[in-house]
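For reference, the structure is listed below as structure tokens.
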Amino acid sequence: MESLFSSSNAGTVRSGRIIYTPSAFARSSLLHLQETGTLQALKPHKNERSGLHSCLFFLVLSGCGRLVYDNRSYDLRTGDCVFIDCRKAYSHETGMEAECQGREKKGRDGAQKGPDGTEGGCGLWSLQWCHFYGPNMNAVYQKYQERGGRPVFRPAQPEGYRKILTELYEIAGSADYVRDMRIQEKLSSLLILLMEDAWDMQKAAAGPQETVDIQQVKEYLDANYKKKITLDELASRFFISKYYLLALFKDRYGVTVNAYLNQLRVTWIKQQLRFTDRTAESLAAELNIEPAYLSRMFKKVEGMSPSVFRKSWKGGA
């Protein structure tokens with residue numbers, strides 16, 4: 001696969017990179033690394049890519065540049081992060097003279113600070129990046145966008161991202177015989193940070209605080225999932241429009257109220273099926289639902305009937 005940051009001109013950039021080849025198992029089943037490294041621009045340059053089955057994350061360690069992605073242009077400076085779906089065309093460049101001069105002045109006058117505490121946001125950039133993919137990354141990136149995630153953002157604590165990128169580089173260059181699994185772990189940690197920052201940005205952009213603490217709704221469901229709960233009753237309890245409640249809950253937790261309630265119930269049913277001899281009928285009665293509905297709900301979540309689930313776990317640890 002073509003390298004993310006071209007090294008064909010050794011006089012343009014200085015980089016330390018690992019182009020990684022995951023196992024066939026990792027490629028088909030895990031989040032897997034394609035390339036990772038650091039780059040210091042020595043001269044102004046521009047790179048363009050399109051149609052890569054990959055996601056790119058990079059952190060601007062110092063300097064400034066520009067990303068063009070999805071028909072939008074983003075100015076980048078020290079401390080900014082980029083997370084994009086590389087199936088779409090994109091370009092990145094550094095060393096735009098007029099822009100860098102402006103950033104230099106702002107750095108002196110406004111004292112912008114980079115991740116290392118020094119003045120930053122001007123000059124040719126240095127970057128730390130990883131290029132990765134996975135069998136479900138298209139859906140993951142869509143979820144990132146739904147939560148408010150943006151192609152370019154500025155985290156409050158970029159050190160967490162830098163630590164993960166450094167560890168990824170070390171693992172990829174090691175002889176660890178389970179490194180594909182360790183890489184999966186680090187990439188998962190990266191996605192968790194990205195999802196958390198996506199939500200933080202979304203909440204900040206929303207302006208005024210929510211008129212209802214949606215966490216209280218979740219806590220009520222956690223404690224009362226065995227009761228018969230209707231959306232109208234829930235909205236009345238928390239003095240909120242049911243449509244607004246639905247929107248807030250989905251926005252905060254990424255699932256609908258009903259889907260979350262079903263997850264709670266199915267988790268409890270699984271415990272009962274594995275560790276007791278109770279019938280599906282008795283479980284349905286305790287949940288205040290019909291046995292047929294319990295079976296449909298369980299199969300929708302687990303992909304199998306309650307009886308098949310119970311048989312599959314009998315005799316196992």
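Just so you know, residue 1 is the first one in the sequence shown, and it goes up from there.
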Flag, side chain of [X] to backbone of [Y], donor-acceptor distance under 3.5 Å:
X: Arg49; Y: Tyr90; result: no
X: Ser312; Y: Phe309; result: yes
X: Ser295; Y: Pro291; result: no
X: Ser282; Y: Thr279; result: yes
X: Lys143; Y: Gly254; result: yes
X: Thr276; Y: Gln272; result: yes
X: Arg310; Y: Ser305; result: no

Practice item. Specify whether Phe58 and Trp125 have parallel, tilted or perpendicular ring planes, treating 30° as the upper limit for parallel and 60° as the lower limit for perpendicular. Key: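 Ring orientation of Phe58 relative to Trp125: perpendicular.
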Exercise for review: Could you give me the CA-CA distance, side-chain angles and deciding distance for Phe83 and Tyr141, then say whether ring-ring contact (aromatic ring centres under 6.0 Å, His included) is met?
Suggested key: CA-CA 9 Å; Phe83 181 41; Tyr141 194 82; 5.0 Å; yes
[X] versus [Y], closest heavy-atom pair with distance:
X: Gly95; Y: Leu124; result: CA-CD2, 3.5 Å
X: Arg27; Y: Pro22; result: NH2-O, 3.4 Å
X: Leu165; Y: Phe57; result: CD1-CE2, 3.8 Å
X: Arg150; Y: Tyr144; result: O-OH, 2.8 Å
X: Asp197; Y: Phe153; result: OD2-CE1, 3.8 Å

ILVMFWY network linking [X] to [Y], side-chain heavy atoms under 4.5 angstrom:
X: Val308; Y: Val266; value: yes
X: Leu294; Y: Trp313; value: yes
X: Val255; Y: Phe298; value: yes
X: Ile183; Y: Ile192; value: no

Point to revise | Audit row: Arg265, Ile289, side chain to side chain contact (heavy atoms under 4.5 Å, CB included) steps and yes/no | key: CA-CA 11 Å; Arg265 289 170 170 170; Ile289 59 177; 4.2 Å; yes
Test of understanding: with side chain to side chain contact (heavy atoms under 4.5 Å, CB included), list the residues that count as partners of [X], not counting sequence neighbours.
X: Leu193; answer: Tyr161, Ile164, Glu196
X: Glu286; answer: Lys226, Trp268, Arg278
X: Thr38; answer: Gln128
X: Tyr169; answer: Ile18, Thr36

**Study point:** Qualifying ring pair (Phe, Tyr, Trp, His ring centres under 6.0 Å) pairs with a residue from residues 271-290, counting only residues at least two apart or across chains
**Key:**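 The answer is none; no pair qualifies.
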[atom1]/[X] to [atom2]/[Y] distance, rounded to the nearest 0.5 angstrom?
X: Leu194; Y: Leu187; atom1: CG; atom2: CG; answer: 10.5 Å
X: Leu261; Y: Thr256; atom1: CG; atom2: OG1; answer: 9.5 Å
X: Leu127; Y: Leu39; atom1: CG; atom2: CG; answer: 5.5 Å
X: His45; Y: Thr94; atom1: NE2; atom2: OG1; answer: 6.5 Å
X: Leu245; Y: Ser236; atom1: CG; atom2: OG; answer: 11.5 Å
X: Gln215; Y: Arg252; atom1: CD; atom2: CZ; answer: 6.5 Å

Given a cutoff of under 4.5 Å between side-chain heavy atoms of I, L, V, M, F, W and Y, with clusters grown through shared members, what are the other residues clustered with [X]?
X: Val178; value: Tyr177
X: Val68; value: none
X: Leu30; value: Phe25, Met181

Pairing donors with acceptors under 3.5 angstrom, does anything connect the side chains of [X] and [Y]?
X: Tyr220; Y: Arg237; answer: yes
X: Ser126; Y: Ser62; answer: yes
X: Gln263; Y: Tyr225; answer: no
X: Asn138; Y: Tyr133; answer: yes
X: His131; Y: Ser54; answer: yes
X: Tyr260; Y: Asp222; answer: yes

Of all residues at least two apart in sequence or in a different chain, which pass the side chain to side chain donor-acceptor pair (under 3.5 Å) check with [X]?
X: Asn262; answer: none
X: Arg296; answer: none
X: Lys250; answer: none
X: Ser28; answer: none

Review point. Are the charged groups of Arg72 and Asp70 less than 4.0 angstrom apart, N to O?
Key: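 Not counted as a salt bridge, because no side-chain N and carboxylate O are separated by less than 4.0 Å.
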Point to revise | Worked verdict on Arg66 versus Leu76 for side chain to side chain contact (heavy atoms under 4.5 Å, CB included) | key: CA-CA 5 Å; Arg66 179 181 295 133; Leu76 306 176; 5.9 Å; no
Review point. For Glu167 and Lys163, what are the C-alpha separation, side-chain angles and deciding distance, and is it a salt bridge (charged side-chain N to carboxylate O under 4.0 Å, His left out)?
Key: CA-CA 6 Å; Glu167 291 171 345; Lys163 181 174 184 291; 2.6 Å; yes
**Study point:** Working for side chain to side chain contact (heavy atoms under 4.5 Å, CB included), residues Gln40 and Leu61
**Key:** CA-CA 9 Å; Gln40 173 64 61; Leu61 301 178; over 6 Å; no
**Study point:** Test of ring centre spacing under 6.0 Å for Tyr74 and Tyr69
**Key:**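 Centroid separation for Tyr74 and Tyr69: 6.0 Å or greater.
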Review point. Side-chain contact, heavy-atom cut-off 4.5 Å: Val82 with Ile84?
Key: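 The answer is yes; the side chains approach within 4.5 Å.
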Practice item. Answer whether the closest heavy-atom distance between the side chains of Arg87 and Leu52 falls below 4.5 Å. Key: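 Not touching, per the 4.5 Å side-chain cut-off.
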Check your understanding: Applying the side chain to side chain contact (heavy atoms under 4.5 Å, CB included) test to Lys186, which of Leu191, Ile171, Thr166, Leu31 qualifies?
Key ->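 That would be Ile171; it is the only one of Leu191, Ile171, Thr166, Leu31 passing the side chain to side chain contact (heavy atoms under 4.5 Å, CB included) with Lys186.
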Exercise for review: Carefully, step by step, assess Lys270 and Glu302 under the rule side chain to side chain contact (heavy atoms under 4.5 Å, CB included).
Suggested key: CA-CA 10 Å; Lys270 287 162 64 177; Glu302 289 295 312; 3.2 Å; yes
